Amino acid sequence: MKIVINIFLKNGVLDPQGKAIEKALHSLNFNEVKEVRMAKQLILDLDEKDEIRAKERIAKMCEELLVNNVIEDYELSTSEKL
């Protein structure tokens, strides 16, 4: 089972990479872009058939290692296409 983890900065946390991309897009005349926020995505392939148990294990991994809970939030989803 493949689980997708989207990790993004919490609201109010400064996002210098997002701001740099936003500025670069504006310099290329893509002025319709209002804001850019950077995120990262991890895809874990688990040897687990039960989706609830897989997400519980991934949540524990996020809490203990993968996510900086002070400044980041995360979302989990499953994907068969990846």
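Remember, it's a predicted structure, so these values are computed and weren't measured experimentally. Excluded from the calculations below are hydrogen atoms, water molecules and symmetry mates; all remaining heavy atoms, backbone and side chain alike, are included.
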Subject >> Summary of salt bridge (Lys or Arg N to Asp or Glu O under 4.0 Å) pairs that have at least one residue in residues 19-31, sequence neighbours excluded >> reply: K19-E22
Original post:
So which pairs with a foot in residues 53-67 pass side-chain hydrogen bond (donor to acceptor under 3.5 Å, both in side chains), sequence neighbours left out?
Top reply: E48-R53, E51-K55, K60-E64, E63-N69, E63-Y74
Original post:
Which ILVMFWY residues can you reach from I71 by hopping between side chains whose heavy atoms are under 4.5 Å apart?
Top reply: L9, V13, V70
Subject >> Exercise: identify the closest heavy-atom pair between V33 and H26 >> reply: O-NE2, 2.7 Å
Subject >> side-chain contact (heavy atoms from CB on, under 4.5 Å) partners of N11, counting only residues at least two apart >> reply: none
Original post:
Sequence neighbours excluded, which residues qualify as salt bridge (charged side-chain N to carboxylate O under 4.0 Å, His left out) partners of E72?
Top reply: K40
Original post:
Can you list every salt bridge (Lys or Arg N to Asp or Glu O under 4.0 Å) pair that touches residues 3-12, not counting sequence neighbours?
Top reply: none
Original post:
Among L46, T78, V4, whose side chain to side chain contact (heavy atoms under 4.5 Å, CB included) with I58 holds?
Top reply: L46
Subject >> Contacts of type side chain to side chain donor-acceptor pair (under 3.5 Å), residue N6, not counting sequence neighbours >> reply: Q41
Subject >> Gap between atom CG of N31 and atom NZ of K34 - 0.5 Å precision >> reply: 13.5 Å
Original post:
Is there a path of hydrophobic side-chain contacts, each under 4.5 Å between heavy atoms of I, L, V, M, F, W or Y residues, that connects M1 with I52?
Top reply: no
Original post:
What's the shortest heavy-atom distance between I3 and A54, and which atoms?
Top reply: CD1-CB, 4.2 Å
**OP:** Not counting sequence neighbours, which residues clear side-chain contact (heavy atoms from CB on, under 4.5 Å) with L42? List them please.
**Re:** I5, I7, L44, L66
**OP:** Verify the cluster assignment for M38 and F30: are they in a single hydrophobic cluster under the rule of side-chain heavy atoms below 4.5 Å apart?
**Re:** yes
Original post:
Which pair of heavy atoms, one from D15 and one from V36, lies closest together, and at what distance?
Top reply: OD2-O, 3.9 Å
Original post:
Does L28 CG have over 12 foreign heavy atoms under 6.0 Å away?
Top reply: yes
